[in-house]
Participant: 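Structure incoming, see below.
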Amino acid sequence: MRHLINITDFSTGEIESILDLADQMLSHPEKYRESQRGRILATLFFEPSTRTRLSFESAMLSMGGSVLGFATADSSSTSKGESLTDTIHTVSCYCDIIAMRHPKEGAPLAGSLISEVPVINAGDGGHNHPTQTLTDLMTIRREKGRLDRLTVGMCGDLKFGRTVHSLIGAMSRYEGVDFVLISPPELRVPDYVTSRLRAEGIPYTEAESMESVMDRLDVLYMTRVQRERFFNEADYIRLKDTYILDTDKLRFARDDLSILHPLPRVNEISVKVDADPRAAYFKQVKNGRYVRMALITKLLEQA
Ligand code: CP
C-alpha cells in the first residue's frame, strides 16, 4: 500500500503521471464524475485549513465519492486523551483513504504505520506539505511549460514554510533548476535542506533583498511569515512585514515571471498585484482540486 508522506516518496515519473492525469481532469472533469463512487475519503485536520481540506473534499465529491472527518482536533476524541495512532487506526476502519494535517512533524508518518488505508500528509508542522507541492508543480508546468531550466525565487519565511521545503525537494530533481532563497537571516531555509542541495551540487544563492534578484527569476514563490510557529510574538512582529510584493517592485521583474503563493496570504502580496497577468496564485488554488483528484485516484488504484 502506498502513502504520500514526503514528496520524495514518489519518483519523477510518478509525479509527472499525476500531473498529466490532473491536466486531463481539469480539461474534462465530466469523464471522472463517477470514478470514485462508493469510496470514502476521511479528512483529519488537527490544524486549521481552508484550501487543503476543502480541495480534498471537493476532489472526492467531484469524482462521486463521499467524505467524512473533522476540521479541528477539539471535535475529535483526541480532546479526551486518545492517542494519534488509535485515532488513525479507528478512522482507517471507516474509509478508503485518509488526508491528515497535524502540527507535529512526523505525525502523518506515524499514522501511516498503523493505518489500514493510504495516508496522505496534508501538512505536518514546519516540515512538509507534499500535496501543496504537487499543486505548485502543476501550476509551474502549466504556466512555464516545463519544470526544468528555471530560476525559482522563494521569498519570506523559508524556515517554517513547509511548502518551501517540499518544493525544493521536488524541483531539485530537474536539470538546470537554480534556487534563489530570499529571507531575513532569522528565517533562512533549514540547514538540512541546503546541505542536501550542496551535496547534490544543485545551485542556490541566499539573498536578503527581493529587488536585487527580481530580474533573474522565472518563478517567484512568495510565502507568509508563519506566526503560529514562532516562539515569541515580538520576533513575529519584527519580521512579519519584511517582504511585501507590490506593483512597484514588479517593475524590476521579467514580463514572463510567474508569481505563486501557497496561500493564505496576510499582506506579503499587495491585492493590486492580483490583476497583474503574472499573478498565478488563484490558478494555483484551482489546480489544487484537480491534482488532489489525480492523487486520490492513483493511490486508490494501488491500495
Ligand atoms: N496552502 C495551504 O495549505 O492552505 P490552507 O492552510 O488553507 O490549507
Side-chain angles (χ1 to χ4, degrees), residues 4-7 18-19 22 41-62 67 69-75 97-105 107-108 119-140 142-143 152 154-171 219-230 236 240 243 245 258-269 271 273-274 279-296:
L4 176 58
I5 304 301
N6 190 318
I7 194 68
I18 291 170
L19 302 186
L41 164 75
T43 53
L44 311 186
F45 276 62
F46 297 87
E47 240 191 12
S49 167
T50 297
R51 276 146 294 274
T52 310
R53 186 173 64 84
L54 295 180
S55 64
F56 263 116
E57 296 189 0
S58 171
M60 194 52 154
L61 294 171
S62 303
V67 296
F70 51 81
T72 58
D74 58 10
S75 62
I97 189 163
I98 292 173
M100 69 170 288
R101 169 171 290 187
H102 200 281
K104 286 219 169 74
E105 287 83 356
V119 173
I120 301 169
N121 178 3
D124 61 329
H127 190 219
N128 275 308
H129 193 347
T131 66
Q132 181 64 48
T133 302
L134 290 172
T135 305
D136 301 341
L137 294 174
M138 179 176 176
T139 306
I140 293 170
R142 289 177 71 84
E143 295 299 303
V152 181
M154 296 179 163
C155 179
D157 183 350
L158 309 187
K159 176 180 181 181
F160 297 118
R162 57 194 174 196
T163 65
V164 167
H165 310 156
S166 291
L167 186 57
I168 290 175
M171 292 218 64
V219 175
L220 174 59
Y221 191 89
M222 292 296 295
T223 63
R224 169 179 70 93
V225 176
Q226 307 261 309
R227 178 182 204 157
E228 64 276 29
R229 314 224 186 272
F230 274 68
Y236 168 72
K240 71 184 175 66
Y243 303 104
L245 181 65
S258 293
I259 306 164
L260 275 70
H261 190 312
L263 305 182
R265 84 173 136 187
V266 182
N267 63 346
E268 58 280 354
I269 301 182
V271 291
V273 174
D274 297 0
Y281 33 91
F282 285 108
K283 292 187 216 170
Q284 201 177 349
V285 169
K286 183 171 179 181
N287 293 339
R289 174 185 180 187
Y290 295 97
V291 92
R292 290 181 174 100
M293 285 169 68
L295 173 65
I296 291 168

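Both ligands and their constituent atoms are indexed starting at 1 by order of listing. Atoms considered below: every heavy atom in the structure, side chains included; atoms not considered: hydrogens, waters and symmetry mates.
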Participant: Should R162 and E228 count as an ion pair when the cut-off is N to O under 4.0 Å?
Facilitator: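 No.
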Participant: Any atoms of ligand 1 less than 4.0 Å from a non-hydrogen atom of T52? List them with their elements.
Facilitator: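 Reading through ligand 1 atom by atom, the close ones are 2 (C), 3 (O), 4 (O), 5 (P), 8 (O).
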Participant: Does an N or O from S49, backbone or side chain, lie closer than 3.5 Å to an N or O of ligand 1?
Facilitator: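 Yes, there is a polar N/O contact under 3.5 Å.
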Participant: Quick one: does any side-chain atom of D124 pair with a main-chain N or O of E105 as donor and acceptor, under 3.5 Å?
Facilitator: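 No, the answer is negative, given that no donor and acceptor are paired below the 3.5 Å cut-off.
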Participant: Taking S55 as the fixed residue, which of K286, R289, R292, Q132 is the one that meets the side chain to side chain donor-acceptor pair (under 3.5 Å) rule?
Facilitator: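 Answer after filtering K286, R289, R292, Q132: R292.
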Participant: Quick one: does S166's side chain have a donor or acceptor within less than 3.5 Å of a partner on N128's backbone?
Facilitator: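 Pair absent, no side-chain N/O of S166 close to backbone of N128.
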Participant: Report, in ascending order of atom number, the atoms of ligand 1 lying under 4.0 Å from any heavy atom of Q132.
Facilitator: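 The atoms of ligand 1 under 4.0 Å from a heavy atom of Q132 are 1 (N), 2 (C).
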Participant: Atoms of ligand 1 less than 4.0 Å from T50 heavy atoms?
Facilitator: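 Ligand 1 atoms under the 4.0 Å threshold to T50: 5 (P), 7 (O), 8 (O).
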Participant: Compute the minimum heavy-atom distance from R101 to ligand 1 and say whether it is under 4.0 Å.
Facilitator: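 Judged by the 4.0 Å heavy-atom criterion, R101 does count as contacting ligand 1.
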Participant: Does any N/O atom on L263 come nearer than 3.5 Å to any N/O atom on ligand 1?
Facilitator: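 Yes, L263 has an N/O under 3.5 Å of an N/O on ligand 1.
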Participant: Is there any N or O on P48 that sits under 3.5 Å from an N or O of ligand 1?
Facilitator: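 No; every N/O pair is 3.5 Å or more apart.
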Participant: Heavy atoms only: which of R224, R162, R51, Q284 is nearest to atom 4 (O) of ligand 1?
Facilitator: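 Heavy atom nearest to atom 4 (O) of ligand 1 belongs to R51.
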Participant: How does T163 reach ligand 1, by side chain, by backbone, by both or by neither, if only non-hydrogen atoms under 4.0 Å count?
Facilitator: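 No part of T163 comes within reach of ligand 1.
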Participant: Hey, is the main chain of G125 close enough, under 3.5 Å, to the side chain of E47 for a donor-acceptor pair?
Facilitator: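 No: the side chain of E47 does not pair with the backbone of G125.
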Participant: Within the distance-only criterion (no hydrogens, no angle test), does the side chain of H165 pair as donor or acceptor with the backbone N or O of H127 below 3.5 angstrom?
Facilitator: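 Looks like yes, one N/O pair under 3.5 Å.
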Participant: Determine whether a donor-acceptor pair (N or O, by modelled atom type, separation under 3.5 Å) exists between the side chain of Q284 and the backbone of T135.
Facilitator: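 Between the backbone of T135 and the side chain of Q284 there is no qualifying donor-acceptor contact (under 3.5 Å).
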